[in-house]
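A short write-up of the structure that comes next.
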Amino acid sequence: MKYYLTTPLYYVNDQPHIGHAYTTIAADAIARYKRLQGYDLFFLTGTDEHGQKIEREAQERGIEAQMLADYMMERYKSLWQMLSISYSRFIRTTEDSHKKAATHLFLTLLNKGDIYKGRYEGPYCTPCETFVKEKVCPDCGRTCEIISEETYFFGLSRYRDQLLSYIQENHNFIMPTYRRNEMTNIIGEELFDLSITRSTFNWGIPVPITGAKDVMYVWFEALINYLTGVGYPDDKEMFERYWPCDLHLVGKDILRFHTIIWPAMLISSGLTLPKKVFGHGWWTIDGEKMSKSKGNVIDPYEIIDEFGADGFRYFLLREIAFGLDGNFSRKALIHRLNSDLANDLGNLFARVMKMVESFAEGKVPQKADGEYLRELSLNIGKEIDEEISELKFHSYIEKVWVLVREANKYVDQKKPWMLKGDNLNSTLYNLLESLRILSIFLFPIMPNLSLRMAESFGLSEKDLSLVNLTWGELHSGTRIRYTAPLFMRIILK
Ligand code: MSP
């Protein structure tokens, strides 16, 4: 069983912000979950380094475009490290392997007869790197430049019917479902051939047509990274192992590139289409789009510094249904972390661990049948699978929290401090075993916190698995160590 998932490649004109972190954290949660299920998983992320926007930004900073790309790429990589992003490969569009793949695909489309020469005259939005029809960009609201260039076109409009029938026949291709209509309307009403080369600047992959001095249009080339990432065109073994892609995770703003242009390029080149593209919502600040000019960009490094990587991951995935827009606020973040992590989960963990230390000599007692906690844990294990398949992270977490709350209630009802002998031992075992199962469920969302839980009962990452989830895996006699609270309450000064 293989699973191949991707994030968009992030532009290197500026520092990463929480929007970029959001897509990547969500992808990481899925990757970790699929690994727990034993999938042969490939998780691709990276940076989109070519194009006019980046060339201009470098010029403004008085440096070479490659230098800007090298610097920002490191910022992304270090953020992913801080956030424990477990990617399989970090791809850069300036790598030779990618230049080769993009060139190969361009030539395939050319040989197919789908690329022809023409002229593009019309508006272009450089911040979004898109050809648009109106003078004001429908995505960012900025006034566009009017460009007039000799170009090569890709015959996108030829694929209208094939695209529509693929979408109709594959109900899960575009998710969430409410976005599917938007895409079919665009295909039905306004599908034009796409200019895929630029001739007025140099920062890009050269067009492989004799005599042409142009570079490839940055979106056309960047999309091909999803093939490069798994070995296209040379490493056939790897390519066959992972292609087609199971999930392209993107923001709603770039869904149309992934569900219209990209599949048409693939049909033209004779390759299989991806199985699913999910367009998630946007984080706003006080209801407004984040932007440098408004000065309201949330710096993920600062949030991690203050609240920790796991807390940040938890908040982003818990607070808003993936797919919908959400408002980012420190107040909501602090409230969420204090109530769910410091109180519910942190208290449960601390109480149980301290009781095992005080009443069971710090060792896992004799195995017990779990009473209702056993059935609850195993049922939740089944239910969360559906939540992950539909990318409903917030309901995944809600389901897991049922176990957290029930285990807390179990402590209150049983009052282990009043129990003795077998009753005491079985109560403590049931609680410890619930915590072990919780550490597995939490691994995709908060990997470090989950590992700290697992380590405190003598387990490590290799012991975390969702293959045949069963009750009673914690061995009696294992030494338990409670060294620190799972999550410190945040106190506003
Ligand atoms: N380079 C292109 C993608 C090419 S993929 C072959 C690009 N890059 S981007 O850096 O501008 O954006 C990358 C992702 O970040 C997009 O999925 C976008 O939706 C997401 N976000 C950017 N700002 C965001 C928010 N404020 N909130 C949530 N996600 C947002 O597009």
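What's counted below: heavy atoms across the whole structure, side chains too, no hydrogens, waters or symmetry copies. One-based numbering, in listed order, for ligands and for the atoms of each.
- Two residues are said to be in side-chain contact when any heavy atoms from C-beta on lie closer than 4.5 Å; Leu486 and Leu341 fail this criterion.
- Ile174 pairs in a side-chain contact (heavy atoms from CB on, under 4.5 Å) with only one of the listed residues (Asn181, Leu255, Ile260), which is Leu255.
- Phe201 does not carry Arg56 over the face of its six-membered ring by the limits of under 6.0 Å from the centre and within 45° of the normal.
- Close N/O approach between Ala222 and ligand 1 is not found [any backbone or side-chain N/O within under 3.5 Å].
- Smallest separation of non-hydrogen atoms from Thr151 and Ser195: CG2-OG, 3.3 Å.
- Of all protein heavy atoms, the one lying nearest to atom 9 (S) of ligand 1 is Tyr11 CD1, 3.7 Å.
- Side-chain polar atoms of Thr259 and Arg179 form no donor-acceptor pair below 3.5 angstrom.
- Shown in contact with Gly281 at under 4.0 Å from a heavy atom are these atoms of ligand 1, numbered in order with element: 28 (C).
- Crowding of Glu383 atom CD: a count of heavy atoms from other residues, nucleotides or ligands under 6.0 Å exceeding 12.
- For ligand 1, the atoms lying closer than 4.0 Å to a non-hydrogen atom of His17 are 22 (C), 23 (N), 24 (C).
- The single protein non-hydrogen atom nearest to atom 31 (O) of ligand 1 is Ile254 CG2, 3.7 Å, given as residue, atom name and distance.
- By the 3.5 Å distance cut-off applied to N or O atoms, Tyr22 is not counted among the residues near ligand 1.
- In this structure, atom 15 (O) of ligand 1 lies nearest to the protein heavy atom His20 CD2, 3.5 Å.
- Scanning the protein for heavy atoms near atom 3 (C) of ligand 1, the closest one is Leu9 O, 3.2 Å.
- Close approach to Val250 involves these atoms of ligand 1, each under 4.0 Å from a residue heavy atom: 17 (O).
- Within the 4.0 Å heavy-atom criterion, neither part of Lys289 lies near ligand 1.
- Between Tyr232 and Phe239, the ring centre distance stays below 6.0 Å.
- Among the atoms of Tyr10, none of the N or O lies under 3.5 angstrom from an N or O of ligand 1.
- In this pair, Trp219 and Phe257 present their aromatic rings parallel. The plane angle is below 30°, not in the 30 to 60° band.
- Protein heavy atom nearest atom 19 (O) of ligand 1, with residue, atom name and distance: Asp253 OD1, 2.5 Å.
- Counting only heavy atoms of the protein, atom 24 (C) of ligand 1 lies nearest to Gly19 CA, 3.5 Å.
- The proximity of Phe257 to ligand 1, defined as any non-hydrogen pair under 4.0 Å, does not occur for either the backbone or the side chain.
- In the vicinity of His280, heavy-atom distances shorter than 4.0 Å reach the ligand 1 atoms 28 (C), 29 (N).
- Between Asp48 and ligand 1, at least one pair of N/O atoms sits closer than 3.5 Å.
- For ligand 1, the polar-atom distance check against Trp283 finds a nitrogen or oxygen pair separated by under 3.5 Å.
- Because its NZ or CZ atom is not both nearer than 6.0 Å to the ring centre of Tyr71 and within 45° of the ring axis, Arg61 does not count as a cation-pi partner of that residue.
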Scan the side chains in residues 314-334 for donor-acceptor partners under 3.5 Å anywhere in the protein, sequence neighbours excluded, and list what turns up.
unit_1: Tyr314; atom_1: OH; unit_2: Asp340; atom_2: OD2; d: 2.6
unit_1: Glu319; atom_1: OE1; unit_2: Arg336; atom_2: NE; d: 2.8
unit_1: Glu319; atom_1: OE1; unit_2: Arg336; atom_2: NH2; d: 3.4
unit_1: Asp325; atom_1: OD1; unit_2: Lys252; atom_2: NZ; d: 3.0
unit_1: Asp325; atom_1: OD1; unit_2: Trp282; atom_2: N; d: 2.7
unit_1: Asp325; atom_1: OD2; unit_2: Lys252; atom_2: NZ; d: 2.9
unit_1: Asn327; atom_1: OD1; unit_2: Thr284; atom_2: OG1; d: 3.1
unit_1: Asn327; atom_1: OD1; unit_2: Asp286; atom_2: N; d: 3.0
unit_1: Asn327; atom_1: OD1; unit_2: Gly287; atom_2: N; d: 2.8
unit_1: Ser329; atom_1: OG; unit_2: Ala332; atom_2: N; d: 3.0
unit_1: Arg330; atom_1: NH1; unit_2: Glu306; atom_2: OE1; d: 2.8
unit_1: Arg330; atom_1: NH1; unit_2: Glu306; atom_2: OE2; d: 3.2
unit_1: Arg330; atom_1: NH2; unit_2: Glu306; atom_2: OE2; d: 2.8

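- Here the protein heavy atom with the shortest distance to atom 17 (O) of ligand 1 is Gly251 N, 2.8 Å.
- Not less than 6.0 angstrom separates the ring centroid of Trp80 from the ring centroid of Tyr87.
- Residue-to-ligand polar distances keep Met290 apart from ligand 1: every N/O pair is separated by 3.5 Å or more.
- Aromatic rings from Phe131 and Phe192 are positioned such that their centres are separated by 6.0 Å or more.
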